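Okay, so here's the structure we're looking at.
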Amino acid sequence: MGRVTVSLSDLPLRDDLRGLTPYGAPQAPLAVALNVNENTHPVPDEVASDILDDIAVALRDVNRYPDREFTALREGFAEYLGHDLDASQIWAGNGSNEVLQHILQAFAGPGRTVFGFAPTYSMYPLLAQGIGARWTAGSRQPDYTITAEDAVAQVIEADPDVIMLCTPNNPTGTPLGLDVVEAVYEASRGIVVVDEAYQEFAPRESASALTLLEGRPRLAVSRTMSKAFAFAGARVGYLAADPAFIDALRLVRLPYHLSALTQAAAVAALRNAPTMLGMVDDIIEQRDRITATLEALDYEPHESWSNFVLFGGVADPQATFHALYERGVLVRDVGIPNHLRVTAGTEAETTAFLDALASIGSAS
Ligand SMILES: *Cc1c(COP(=O)(O)O)cnc(C)c1O
């Protein structure tokens, strides 16, 4: 029997998915991978064995479906976030990407619009597309900041069903003032999502949008364990919002969407939060070293409150990307002309990147 191969175009794919390409940050086996904003520090040994103990216990009951309401995990996140939150205001999923997908499934969908200020997280348009909603991109100032006045004007014009506010913003690192969040909320009728995937890397004294939740039932603040928490491979993201908002997400999640093993691992990791987050200060130090060194090399780094730096002044991003690649360093070409993005790694990885870049020559 011959095996017949067909191509994607031969299949009865949804019309609105024809011609699209899947999300695909390269996963190349390079020694220094600084391309997807992970915490590149490995999970400390003592934490890994503590997590393993909890997974071992969960494994004994894995013949049964897990707690559909992942109660212990929600309690853990409420405690971690503080701000007087309780478990009824918490949701979680397999990465904050799934959490964001739940939001769009519940509040967007065919005929509805999802809005964000570009350049922003490349998954937003893909998540919108996946559920048949329309993505509308607003704009930012040349330095990627947004004023409340400008944001409000754009939101009124677009009149979206869901607004994605990413702060600090990926791929630019730009913080967004809470005044902008408040103004956008007031000016809109839709859901306002503040994606704080990188909040742990922001200055300690900067306020989170969690402080705005009270009295704003259309607002949600999403977080992830993939960045500061060194837990990207476990796939755990979460959000805080009004209990009614959480109820809406229950309508669209798959039953038992968080496996018992994921729940056990995440609860144990949260119990070890201070150790898991112990490297954050070090990463911030490396980020600031990247910024200072890029400036010395005549590149144009943008202000970053995250664990990565977007820098301009790159004459030929593809050529620089490949020159770094050949030197064993993986960075990200995010498609912004004359720019590249690099994640702050360990001190050794950061040095490897900076040395490799310096060996290619200064910005021209
Ligand atoms: C990395 C990232 C996420 C998190 O993705 P996970 O699915 O939790 O791994 C969410 N939002 C932004 C802006 C990100 O950069």
Side-chain angles (χ1 to χ4, degrees), residues 22-27 33-40 43 70 73 77 80-81 90-105 114-128 130 135 137 140 144 146 162-176 181 192-202 208-209 220-240 249 253 257-259 262-263 265-266 269-270 276 280 283 287 302 304-310 331-332 334-336 341-345:
Y23 170 89
Q27 289 195 302
L34 302 175
N35 64 327
V36 285
N37 302 340
E38 296 146 331
N39 180 339
T40 67
V43 175
F70 44 102
L73 183 57
F77 281 131
Y80 171 70
L81 290 177
I90 303 291
W91 188 247
N94 295 283
S96 60
N97 270 278
E98 187 181 49
V99 169
L100 299 176
Q101 185 177 53
H102 287 163
I103 296 175
L104 298 191
Q105 285 177 315
V114 184
F115 176 93
F117 297 98
T120 191
Y121 187 38
S122 62
M123 278 306 300
Y124 299 153
L126 294 179
L127 288 166
W135 166 255
R140 294 167 180 266
Y144 304 124
I146 317 165
V162 178
I163 299 161
M164 306 297 309
L165 301 176
C166 188
T167 178
N169 184 51
N170 183 6
T172 64
T174 322
L176 185 77
V181 178
V192 177
V193 182
V194 182
D195 182 346
E196 292 189 346
Y198 300 96
Q199 183 63 26
E200 286 92 346
F201 300 103
S208 158
V221 181
S222 77
R223 297 276 188 104
T224 179
M225 294 185 86
S226 295
K227 306 294 158 62
F229 246 96
F231 222 48
R235 311 303 301 125
V236 187
Y238 55 105
L239 67 68
L249 306 181
R253 61 100 178 273
H257 70 288
L258 273 180
S259 87
T262 301
Q263 292 184 41
L270 271 176
M276 296 291 278
V280 164
I283 294 166
R287 173 197 72 199
H302 293 273
S304 173
W305 280 19
S306 61
N307 67 340
F308 57 84
V309 178
L310 178 75
V331 298
R332 189 80 172 270
V334 292
I336 300 177
R341 191 192 70 189
V342 63
T343 307

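None of the values given here were measured: they were computed from a predicted structure. Counting convention: from 1, in listed order, for ligands and their atoms alike.
Under 3.5 Å, the side chains of Tyr124 and Asn170 contain no donor-acceptor pair of N or O atoms.
The side chain to side chain contact (heavy atoms under 4.5 Å, CB included) with Phe77 is formed by just one residue from the set Trp91, Phe70, Tyr238; it is Tyr238. Tyr198 pairs in a side-chain hydrogen bond (donor to acceptor under 3.5 Å, both in side chains) with only one of the listed residues (Thr224, Asn169, Thr167, Asn37), which is Asn37.
Under the 3.5 Å distance criterion, the side-chain polar atoms of Asn35 are left unmatched by any main-chain donor or acceptor of Arg332.
Legend: residues meeting salt bridge (Lys or Arg N to Asp or Glu O under 4.0 Å) with Arg341, ordered by chain and number and at least two apart, are absent.
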Should Phe201 and Phe308 be marked as a ring pair (Phe, Tyr, Trp, His ring centres under 6.0 Å) after you check the CA-CA gap, both sets of side-chain angles, and the distance that decides it? CA-CA 10 Å; Phe201 300 103; Phe308 57 84; 8.8 Å; no

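Contacts of ligand 1 (protein heavy-atom distance under 4.0 Å) are Gly95, Ser96, Asn97, Tyr121, Cys166, Asn170, Asp195, Ala197, Tyr198, Thr224, Ser226, Lys227, Arg235.
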